[in-house]
Amino acid sequence: MLTSLVIDFPVLASIAITLITVACYQLAVNQQQKWQTIWLNPMLITITVLVPLLLFVDINYQEYSQATYVLNLMLEPAIVALGFPLYQQLRQIKVHWREIMSILVLGIIVVIIVSFIMAMTFIKAPEIAIALSLKSVTTPIGITLTEQLSGDSSITTFAILIAGLFGALLGPAWLRTIGVNSAKAQGLAIGSASHVIGTAVLVRVSAEHGAYSSVALILSALLTALISPWLIPLLLQLFT
Amino acid sequence: MKNTLYTLFAISISLLLGKLAHHLLAGLPASLYGMVIYAIFLQLNWFSAKKVTATNQWLVRHMGVCFVPAGVGVINHFQLIQEHGVALIAIIFSSTFILLTVIGYLSERLLTKPVPNDENSSEGKT
């Protein structure tokens with residue numbers, strides 16, 4: 001595996017591509033700190049710069065993904081590091097665990113039903129409806145569940161990514177607009193709608209935001225895995 | 001430097017145990033098990049929260065860059081968007097906002113009651 005990786009794509013090119021990615025990201029971080037606007041989200045900026053660039057120099061996604069292998073390798077430890085803000089808020093979270101569980105269960109049921117019905121109404125394909133219903137969890141869980149329920153998992157991957165970016169970028173502003181200002185509520189909402197992408201953005205705001213977002217991320221994944229295998233077949237029956 | 005190594009060691013141990021948990025229990029991905037294990041070990045004081053604070057904060061501040069490769073993956077889905085048009089994006093967009101609204105609104109209502117102050121609750125906070 002590793003040898004094919006090295007032969008497939010030259011080492012120097014890989015280093016260059018990784019450096020461009022990191023440099024672009026860091027530049028966006030600096031600009032965002034200067035201008036303080038959500039549109040300069042470093043993740044979004046880096047992706048919007050890189051996609052046309054890759055198309056222009058004719059590097060396909062597989063090659064890019066191999067070249068930035070190092071970043072992918074750091075993804076798992078970075079997610080583990082979210083355990084620290086979680087630990088900091090553990091006491092507060094324990095006090096509210098019943099409310100948190102009920103809110104998340106309700107939210108998950110609502111989002112599965114709404115996504116499924118909208119997809120069946122406008123696109124009329126069950127495999128897409130299943131995929132879209134499972135977009136509010138972290139990618140590995142979403143893919144596993146979609147395949148288990150015979151949905152189209154390439155759509156799940158895309159939908160999870162877009163839901164992550166939408167929620168991370170626009171979520172905080174939207175929540176403030178509807179009067180949701182506490183770190184707890186913002187954290188739970190964004191963690192459950194935008195999983196780990198939302199959490200990565202939110203943890204920069206405060207440790208409390210990050211902790212609640214991490215809790216929502218973990219519990220949503222678990223609860224969706226428990227709820228979807230009976231809720232989705234039920235919805236399928238209603239529509240076919 | 002010593003604390004940086006300590007933090008990386010603590011995270012690696014948690015991740016390895018997370019992988020083991022994923023292997024044995026399936027369910028959550030290994031990294032999420034690792035996150036929970038890391039939080040528990042910090043709580044039990046098996047890992048020193050004091051020693052991991054600085055490096056951990058640095059890691060968490062910069063973790064966004066690790067998601068860029070996954071994000072660039074949209075490049076593979078242009079055809080998907082062409083096929084299903086704006087409906088796909090519109091559904092993802094609106095259902096995400098409905099979820100944000102439901103959870104945000106209920107949490108704001110139910111969780112912002114004042115919590116009885118525990119004397120130890122400030123322990124480990126930054």
Side-chain angles (χ1 to χ4, degrees), chain A residues 21-22 25 42-43 46-47 50-51 61 64-65 68 71-72 74-84 86-88 90-91 95-96 99 103 107 110-111 114-115 118-119 122-123 132 136 140 158-159 162-163 166-167 171 174-175 180 182 184-185 188-189 192-193 197 200 203-204 218 221, chain B residues 11-12 14-15 18 27-32 34-36 38-39 42-43 49 52 56 59-61 63-77 80 84 87 89 91-108 110-112 115 118 121 124-126:
Chain A
T21 306
V22 174
Y25 185 86
M43 240 182 306
T46 314
I47 293 165
L50 281 174
V51 169
Y61 180 62
Y64 176 76
S65 174
T68 52
L71 293 178
N72 239 323
M74 289 185 332
L75 189 57
E76 283 192 315
I79 294 173
V80 173
L82 287 172
F84 182 70
L86 184 60
Y87 146 78
Q88 288 179 304
L90 223 48
R91 247 169 240 278
V95 177
H96 286 305
E99 288 94 333
I103 293 166
V110 168
V111 79
V114 166
S115 317
M118 280 203 281
F122 298 113
I123 303 178
L132 290 182
S136 305
F158 173 74
I162 299 298
F166 273 155
W174 168 249
L175 290 168
V180 175
S182 72
K184 295 182 178 86
L188 286 178
S192 49
I197 297 185
V203 76
R204 294 177 69 101
I218 296 163
Chain B
I11 289 177
S12 310
S14 309
L15 182 57
L28 290 177
S31 55
L32 291 193
M35 186 209 288
V36 174
Y38 186 49
L42 284 165
Q43 178 69 26
V52 303
N56 204 101
L59 274 175
V60 158
R61 281 185 67 81
M63 69 183 282
V65 72
C66 301
F67 291 96
V68 170
V72 171
V74 285
I75 214 169
N76 272 350
H77 296 287
L80 202 73
H84 303 289
I89 305 280
I91 294 168
I92 299 171
F93 187 83
S94 46
S95 58
T96 298
F97 274 83
I98 290 170
L99 183 60
L100 280 172
T101 310
V102 169
I103 298 204
Y105 186 77
L106 288 175
S107 313
E108 185 79 11
L110 296 174
L111 300 183
T112 45
V115 173
D118 190 324
S121 67
K125 274 192 190 158
T126 46

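Looking only at distances, no side-chain donor or acceptor of B:Tyr105 sits under 3.5 Å from a matching main-chain atom of A:Ala185.
Of all heavy-atom pairs spanning A:Phe166 and B:Ile92, the tightest one is CD1-CG2, 4.5 Å. The minimum heavy-atom distance linking B:Ala87 with A:Phe122 is given by the pair CB-CB, 4.4 Å. The heavy-atom pair separating A:Val111 from B:Ser95 by the smallest distance is CG2-O, 3.7 Å. Between A:Ala163 and B:Thr96, the shortest heavy-atom contact is CB-OG1, 3.6 Å. The minimum heavy-atom distance linking A:Gly171 with B:Leu100 is given by the pair CA-CD1, 3.8 Å. Counting all heavy atoms, side chain and backbone alike, B:Pro69 lies closest to A:Tyr61 at O-OH, 2.8 Å.
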Next on the checklist: Could you go through A:Tyr64 and B:Val68, starting from their C-alpha distance and side-chain angles, then the distance that decides it, and tell me whether this counts as side chain to side chain contact (heavy atoms under 4.5 Å, CB included)?
Outcome noted: CA-CA 11 Å; A:Tyr64 176 76; B:Val68 170; 3.8 Å; yes
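The part of B:Leu59 that comes within reach of chain A is its side chain, from C-beta onward, which places non-hydrogen atoms under 4.5 angstrom from that chain. Of the atoms belonging to A:Leu50, it is side-chain heavy atoms, and not backbone ones, that fall under 4.5 Å from chain B. The contact between A:Leu132 and chain B is made entirely by side chain atoms (from C-beta outward), counting heavy-atom distances below 4.5 Å. Contacts between B:Ile98 and chain A at a heavy-atom distance below 4.5 Å involve the side chain alone, from C-beta outward. Of the two parts of A:Pro42, neither the backbone nor the side chain holds a non-hydrogen atom closer than 4.5 Å to a non-hydrogen atom of chain B. Proximity to chain B (any heavy atom under 4.5 Å) is restricted, for A:Leu175, to the side chain, taken from C-beta onward. For B:Thr101, the parts lying near chain A are the backbone and the side chain together; criterion is any non-hydrogen pair under 4.5 Å. Only the side chain of A:Ser136 has a heavy atom closer than 4.5 Å to any heavy atom of chain B. In this structure, chain B has heavy atoms under 4.5 Å from both the backbone and the side chain of A:Val51. Proximity to chain B involves both the backbone and the side chain of A:Leu75, based on heavy atoms less than 4.5 angstrom apart.
Going from atom NZ of A:Lys184 over to atom CG of B:Leu110 covers 12.0 Å, rounded to the nearest 0.5 Å. B:Leu106 contributes atom CG, which lies 11.5 Å from atom CD of A:Glu99 (distance to the nearest 0.5 angstrom). Rounding to the nearest 0.5 Å gives a distance of 12.5 Å between CD1 of B:Ile11 and CD of A:Glu76. Here CE of B:Met35 is found 4.5 Å from CD1 of A:Ile218. Values are rounded to the nearest 0.5 Å. Atom CE of residue A:Met43 and atom CE of residue B:Met63 lie 8.5 Å apart, to the nearest 0.5 angstrom. Rounding to the nearest 0.5 Å places CG of A:Leu188 at 6.0 Å from CG of B:Leu111.
The greatest number of non-hydrogen atom pairs below 4.5 Å with chain B, out of A:Ala193, A:Ala78, A:Ala81, is found for A:Ala81. Ranked by non-hydrogen atom pairs under 4.5 Å with chain A, the options B:Gly73, B:Ser14, B:Ala30 are led by B:Gly73. Among B:Asn76, B:Val65, B:Leu15, B:Val52, the residue making the largest number of heavy-atom pairs under 4.5 Å with chain A is B:Val65. Looking only at heavy-atom pairs under 4.5 Å with chain A, the residue among B:Asn56, B:Leu32, B:Val102 that has the most is B:Asn56. If you tally non-hydrogen atom pairs under 4.5 Å between each of A:Val180, A:Leu82, A:Val80, A:Leu71 and chain B, the highest count goes to A:Val80. In terms of heavy-atom pairs under 4.5 angstrom with chain B, the leader among A:Gly107, A:Ala221, A:Ala119, A:Ser182 is A:Ser182. Top candidate by heavy-atom pairs under 4.5 Å with chain A, chosen from B:Val72, B:Ile89, B:Ile75, is B:Val72.
By the 4.5 Å heavy-atom criterion applied to side chains, A:Ile123 and B:Ile91 are counted as neighbours. Contact check for B:Val60 versus A:Phe84: no side-chain heavy atoms found under the 4.5 Å cut-off.
Residues satisfying the side-chain hydrogen bond (donor to acceptor under 3.5 Å, both in side chains) test with B:Ser107, not counting sequence neighbours, are none.
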